[in-house]
Each structure stands twice: as C-alpha cells, then as structure tokens.
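Okay, structure first, notes after.
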Amino acid sequence: MKKVIYLDNAATTKVRPEVVEAMLPFYTEYYGNPSAVYEFSTPCKEALAKARETVANALGAKDNEIYFTNGGSESDNWALIATAEAYASKGKHIITTKIEHHAILHTCEYLEKRGYEITYLPVDEYGSVSIDELKKAIRPDTILISVMFANNEIGTIQPIREIGEIAHENGIIFHTDAVQAFCHEPINVDEYHIDMLSASGHKFHGPKGVGFLYIRKGLKLRSFIHGGAQERKRRAGTENVPGIVGLGKAVEIGMAELENNKKKETELRDYLIGRVMDEIPYTRLNGHRTNRLSNNANFAFQFIEGESLLIMLDMDGICGSSGSACTSGSLDPSHVLLAIGLPHEIAHGSLRLTLSEETTKEEIDHTVDCLKKIVEKLRAMSPLYEDFIKKNRK
Ligand SMILES: *Cc1c(COP(=O)(O)O)cnc(C)c1O
C-alpha cells in the first residue's frame, strides 16, 4: 500500500496497538459467554467490569450508569427514542440543534412522524448555540434537550455546562452526543449537568462497532434492544467482550494522554490553519477560531468543488473529507455548513482535515503544499473564478 497521510480522524481513528493486544485473548483464550455461571467465563465478567469502571471514572460517573452499545448511532437512537417514550405523559417537545449528527437528526424526524414536536436551534456563524435561543425554546411540555458536545464537521464546542444548567433548572433531561469529544476533551457528567451521554470507541483509537450510553441513575428509560438480561436488563444481546475490552483500554490510554495530546494537536492544527489561511487566497475557516476540537480544521475554498479537491488529494495519498462521512456520495451540501450561513456554492468547496496525536509537522507541510497546487489548478479550470478575476481587474 502506498504511504497515506491520514487526516480524517473525525470519521474514524487507527486502533492503538495496545488496544488490539488487550482484545486478542478475548477472541482466542477467553471466549466464554459472560452470562454463564462456570468459572471459565470469569475472566470475561471481570474484563467487562473493569472496562465499565474505566469508562465511568473517565466521566465522573458510577459503574452502573454505563451501558455498552454497538456505537454512537445506537446510543443516540436509544437516548432520544427511549426518553421520548418514557416521558410522553409529561410532554412531547424536544429541543435539539440544526447541526447535530444524522444519528440525532434522523431520529428526530422519526419522532416527528410519531407526534413529537422538535425545535431545531439555530447556530451563529461559528456554529455555537445561543443560550438565549435555548431559553426561549423551552416550554412546559419540553422533556428533553439534546445538544452535541462538539460538532463532527466544523469542530465547534458547545457551551455544554450552561446548557446543562438551564436544562436542570427547568427539570428537563439533558443528553449530549459526545462522540467527537469523549477522550478528546475533559468531561464530567456532574459538573456539566449531563443526564445521558453517547460515545463511540472508534473515534478515540478503540475498535469499531462498540460504544456506550451513560444514563444517570434514576432516569426511567426503557430498554432499547429487547431480549436477555444483559446490561442490567436495558440492552439485550451477548456482550461484545473483545470490543468492550478494547474500548476500555482506549479510554485508559486516551484519558491518561488527553492533556498532552490536546496540546500537541492544537499546536499542529493552528499551524495548519495559519499556513492555509496565509497561503491560499479566498479561503474561509469554518467553525470557531479557538473554541473548537483540538484536531479539527475545516476550510471553504471559493470557486472550487469539494469533491474534486478530495479526489485530487487522494491521488497524492492524502485522506480528507468534504464534510462528514455520512454525506459523502450525496450532492447536497452539508447541513452544518448551511446552518452557519454559508451559501450553497461556498459550502460545496469545503474540506475537513482532522488530525491525530500521531500527525507530524512534515505531513501537514506536505499536505498544505499539495493543497496549494490543487486549489490553484482547480481554480484555473473554474469559469466562476475566471469571471471573478475579470471583474476585479476592471
Ligand atoms: C461518528 C459519530 C456518530 C456515529 O457513531 P458510530 O459509532 O459511527 O455509530 C454520532 N455522532 C457523532 C457526532 C459522530 O461523530
């Protein structure tokens, strides 16, 4: 395989070697079903308990508030649908934002078809939710507020603590999709007044297909997958033991290295943003300048198609994204970029580059050098750019 520069860590991350190593024995040696009574299954039970404790500690939660799922989408679906059903007698109004991941937005559409009313909060040009708008949206029948911790496309981090406070002052349950933030930003569920939180292993160097939902003790949520008594009868199905062990290991390492990695990524991200903004004209930085995920850079290049940009970067062995992995293949511009007010034609020319702690300055330099050439080439072929230059000459 040719050497790639992987700058799509918001889509998924490389599994750490230590994580793979921790998982392997649970495929080979310790393959028992954790629900079985014999001693052969004891290592599996213990490993599950240990992973649960690691995750709980990372959030300042209790072990019995962590429910393992098969990832972020399932956790989001569960949080919204089960809350909606459990609290329907109190009200059928839910507040979320226009820039959520589709795992939230499409679940909201599903609920709308079933008689729930959803308010989609707008965001400002940087992608931040306004606290005033949130306060105005609250009604006596509001049962749930769901606001993502950090956006997967533009990286903007939301004022989660204030949102949580407002939710709790009004007796409303607060859920956050923290899939991009968990193990990247420090999170404490009590400090932030979070009642439910979704996370996914493969976004922080764990395996794919395993995640969790934190559910604060006392919430009356029904089970989502019906069947056996696993996960305290709330999420049936034989546990993905190797996956959960891997997730636990990724949390252990990710939390220990969080501050270090954040610092390293922030420096490199700012270097990338600086070079691109200085060296490529007619470029816009999407998302908040500073209040953003340490690994996220998102640009809009005027007069260019994001898809062409991605294909040409790919020819140079560089993996980027034009928005989110979920919208790839569709011609609609990203709902997030439209929500921050970008006109269609500019939203189309967007590029998301997301770093990891393994990304090097050499990789960034090489990427920017390629990007400069590609943008120049594409603009040279663009009739829009030609018109623009002609007009400006007059
Ligand atoms: C990736 C992602 C999801 C979906 O997680 P999966 O584990 O892939 O199902 C949900 N929300 C956000 C913000 C994400 O970035």
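Residue numbers run from 1 in the order of the sequence given. Note that the structure is predicted; figures quoted are calculated from it, not measured.
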Using a strict threshold of under 4.0 Å (side-chain N to carboxylate O), is an ion pair present between [Y] and [X]?
X	Y	answer
Arg352	Asp8	yes
Glu279	Lys372	yes
Lys249	Glu252	yes
Arg235	Glu74	yes
Arg289	Asp270	yes
Glu257	Arg16	yes
Lys136	Asp132	no
Glu117	Arg139	yes
Asp195	Lys217	no
Arg52	Glu65	no
Asp369	Arg275	yes

Subject >> Centroid-centroid distance, Phe204 to Phe182, less than 6.0 Å >> reply: yes
Original post:
So, do Tyr192 and Phe174 have ring centers that fall under 6.0 Å from each other?
Top reply: no
To the nearest 0.5 Å, how far apart are [atom1] in [X] and [atom2] in [Y]?
X	Y	atom1	atom2	value
Met315	Cys370	CE	SG	11.0 Å
Leu197	Ile187	CG	CD1	5.5 Å
Glu267	Lys262	CD	NZ	13.0 Å

Using only atom types and a distance under 3.5 Å, with no angle test, would you say the side chain of [X] pairs donor to acceptor with the backbone of [Y]?
X	Y	answer
Glu133	Ser130	no
His348	Gln302	no
Thr176	Phe149	yes
Thr156	Tyr126	yes

Taking the side chain as every heavy atom from C-beta outward, state whether [X] and [Y] have any pair of such atoms under 4.5 Å apart.
X	Y	answer
Leu293	Glu185	yes
Thr83	Trp78	no
Asn240	Phe68	no
Arg161	Glu191	yes
Phe303	Tyr282	yes
Ser350	Asn298	yes
Thr107	Leu105	no
Ile364	Leu355	yes

Decide whether a cation-pi geometry holds between [X] and [Y]; the criteria are a distance under 6.0 Å from NZ or CZ to the six-membered ring centre and an angle within 45° of the ring axis.
X	Y	result
Lys92	Tyr116	yes
Arg114	Tyr110	yes
Arg232	Tyr67	yes

Do you know which two heavy atoms are closest between [X] and [Y], and how far apart they sit?
X	Y	result
Ala84	Leu111	CB-CD2, 3.8 Å
Leu144	Ala79	CD2-O, 4.5 Å
Cys183	Met255	SG-SD, 4.0 Å
Pro207	Gly246	CD-C, 3.8 Å
Val129	Pro159	O-CG, 4.1 Å

What about [X] and [Y], same hydrophobic cluster or not, with Ile/Leu/Val/Met/Phe/Trp/Tyr joined at side-chain heavy-atom distances under 4.5 Å?
X	Y	answer
Tyr31	Tyr38	yes
Leu272	Leu351	yes
Ile94	Ile172	no
Leu221	Ile225	yes
Ile173	Ile145	no

**OP:** Indicate the ring-plane relationship of Phe388 and Tyr385, choosing parallel, tilted or perpendicular according to the 30° and 60° boundaries.
**Re:** parallel
Original post:
When the ring planes of Tyr30 and Phe26 are compared, do they come out parallel, tilted or perpendicular, using 30° and 60° as the limits?
Top reply: tilted
